[in-house]
Novice: 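Let me give you the structure first, and then I'll get to my questions.
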Protein chains: 2
Amino acid sequence: MTAVPGPDHRKLPRRRGEVLSRAIFDAVLAEIAESGYSALTMDRVAERAHASKASLYRRWPGRAALVLDAAYEAMPGPDTVPNTGSLRLDTLTVMRQGARLLEGIVGQAMRGVLGEALQNPDVAAEVREFARGNASRMMHEILANAVDRGECDPDLVTDFRIEAGPALLRQRFIFGSGPIDDDFLVAVVDQVVLPLFGVHRPQGTGSAV
Amino acid sequence: MTAVPGPDHRKLPRRRGEVLSRAIFDAVLAEIAESGYSALTMDRVAERAHASKASLYRRWPGRAALVLDAAYEAMPGPDTVPNTGSLRLDTLTVMRQGARLLEGIVGQAMRGVLGEALQNPDVAAEVREFARGNASRMMHEILANAVDRGECDPDLVTDFRIEAGPALLRQRFIFGSGPIDDDFLVAVVDQVVLPLFGVHRPQGTGSAV
DNA sequence: CGAGGTAGAGAACTGCTAGTTCTCTACAAG
DNA sequence: CTTGTAGAGAACTAGCAGTTCTCTACCTCG
């Protein structure tokens, strides 16, 4: 309406499709890394990415979906499932990978999105659609290997037992404050996960690692 | 500024202190029960309680603190810890109490507050200040009784093992969608909690009770 | 190569909510 | 009766989500 084209930066080379999306993801992650999830606004992302808000909303229905995609983008590829020949070490490795992921930017993004999911059922559905138990899949595979080795009775492998370790880790992530230290992970594995699968003492190695 | 006193309802009997606070809590809970946490605004609470927003902000620093207090108010008194003579039944009882609590208004309030806590460290601190592991305390007591009865080896009673059951319940609450059915609770108790404390099969009663 | 459609940049705008502040007034205490 | 405290109600500020508008670059198709 008000006729004020003025300097008009709209003549710069203009990005499209993939390239633009990537730039927007980068802006989201940078904002989160710099100021945290709660300071992340669509305006700031748009400005930082030198994109228009309309471009954002053409691609994602809202903030949660955007951040969810950005987090997914930032995730390392499907981690190769460890297979060291020891259930204990395999489990510990998965837990450590998970903890490292949660402590990074992806974790911060997840925290924020989860926060919204708790308040908004639509977002919750988006998240569920998405978080198809990555950790659980890896645990399943590890357990299958342990059964093959004869290290674990197959009757003990149930979804609830498999979830116990990851659930403790997530609870720590959600309710705890400081960083997740390794002692925690070791304790969860030795006191909860292994006993649940019939392995009552650290066997191969005598100490941590 | 604008001189429009008009009808002015400000002559009604005016509540103070305790009475007013209680009325505000009631309004908060009613709003949550009726429209959910996300539709809860300070304006609506104030209007519903026939209180002024200033009165709200004089008492609580923000929405989260208000809802947290209201939820605390609505909580049933410290549940008497069950002592049935069977670890299985005691545990199941605690889990059922917890599940029932989470499915009510208090649960909805918690969900909302937790959602904010995940996005705002200050709120997170308020919540931690507050949620001094109620479930854990009950579980501790139950386990102590089981040890006294000789049903459980005292060496097995550690914080991590104690947290396993509650953690699975909370995870279900946070990530799951529908109601928490009893089969879930029974499975958690029989497949996770009891094995962790050395009780490998349902003993007293044969079925779910 | 030129026309037309698609989509991006940037800005203005709407609507809602948190939180603040102002005025007026009830109520309690001295 | 005087005075201080606090509640009621409303106006106001500021910030953000989401929408819409204009202008224009770039791609595609004829």
Side-chain angles (χ1 to χ4, degrees), chain A residues 1-25 27-28 31 35-68 112-113 115-116 119-120 122-123 126, chain B residues 1-25 27-28 31 35-67 112-113 115-116 119-120 122-123:
Chain A
M1 282 294 170
T2 40
V4 188
D8 218 318
H9 331 56
R10 280 169 278 191
K11 296 179 182 151
L12 298 174
R14 194 178 279 175
R15 302 151 302 174
R16 301 200 161 214
E18 270 305 298
V19 184
L20 180 56
S21 296
R22 180 88 39 173
I24 295 172
F25 286 147
V28 169
E31 279 294 318
S35 322
Y37 180 89
S38 50
L40 181 122
T41 70
M42 296 302 259
D43 283 287
R44 285 174 67 88
V45 170
E47 190 182 10
R48 179 160 206 148
H50 296 288
S52 78
K53 286 210 290 173
S55 301
L56 266 59
Y57 282 104
R58 187 170 302 117
R59 283 150 212 257
W60 299 277
R63 196 169 62 140
L66 167 57
V67 175
L68 212 50
V113 172
E116 261 171 45
Q119 302 185 8
N120 180 339
D122 296 343
V123 177
E126 284 175 28
Chain B
M1 282 292 170
T2 41
V4 188
D8 219 317
H9 331 57
R10 281 169 277 191
K11 294 177 183 156
L12 298 173
R14 195 179 279 175
R15 301 151 303 173
R16 300 197 163 218
E18 269 305 300
V19 185
L20 181 55
S21 296
R22 179 89 38 175
I24 294 171
F25 286 147
V28 169
E31 280 294 319
S35 323
Y37 179 89
S38 50
L40 182 122
T41 69
M42 298 301 260
D43 283 286
R44 284 174 69 87
V45 170
E47 190 182 8
R48 178 160 208 149
H50 297 287
S52 78
K53 287 210 290 172
S55 300
L56 267 58
Y57 283 103
R58 188 171 304 118
R59 283 150 213 258
W60 299 277
R63 198 169 61 141
L66 168 57
V67 175
V113 172
E116 261 170 46
Q119 302 184 10
N120 180 339
D122 296 343
V123 176

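Below, chain A is the first sequence line, B the second, and so on; all start at residue 1. What you see is a predicted model; the values in this text were computed from it and never measured.
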Novice: For Glu31(B), which residues count as a side chain to side chain donor-acceptor pair (under 3.5 Å) partner, sequence neighbours excluded?
Specialist: Arg44(B), Arg48(B)
Novice: Please report the distance, rounded to the nearest Å, between CG in Leu66(A) and P in dA17(D).
Specialist: 11 Å
Novice: Can you pull out the residues from residues 38-49 of chain B that lie within a 4.0 Å heavy-atom distance of DNA chain D?
Specialist: none
Novice: Could you go step by step and tell me if Val67(B) and Glu116(B) meet the side-chain contact (heavy atoms from CB on, under 4.5 Å) rule?
Specialist: CA-CA 11 Å; Val67(B) 175; Glu116(B) 261 170 46; over 6 Å; no
Novice: Please enumerate all residues that pass ring pair (Phe, Tyr, Trp, His ring centres under 6.0 Å) together with Tyr37(B), with sequence neighbours excluded.
Specialist: none
Novice: In chain order, what residues pass the side-chain contact (heavy atoms from CB on, under 4.5 Å) check against Asp43(A), with sequence neighbours excluded?
Specialist: Thr41(A), Lys53(A)
Novice: Can you list everything that forms a side-chain contact (heavy atoms from CB on, under 4.5 Å) with Ser38(A)? Sequence neighbours excluded, please.
Specialist: none
Novice: Rounding to a whole Å, what distance do you find between Lys53(B):NZ and dA18(C):P?
Specialist: 7 Å
Novice: Taking the side chain as every heavy atom from C-beta outward, state whether Val123(A) and Leu68(A) have any pair of such atoms under 4.5 Å apart.
Specialist: no
Novice: Do you know the tightest heavy-atom contact between Ala64(B) and Val113(B)?
Specialist: O-CG2, 4.2 Å
Novice: Counting only heavy atoms and a strict 4.0 angstrom limit, can you tell me which residues of residues 54-63 of chain A come near DNA chain D?
Specialist: Ala54(A), Tyr57(A), Gly62(A), Arg63(A)
Novice: Check side-chain contact (heavy atoms from CB on, under 4.5 Å) between Ser21(A) and all other residues, then give those that pass, not counting sequence neighbours.
Specialist: Arg59(A)
Novice: What is the distance, rounded to the nearest whole Å, between atom CG of Leu20(B) and atom C1' of dC27(C)?
Specialist: 14 Å
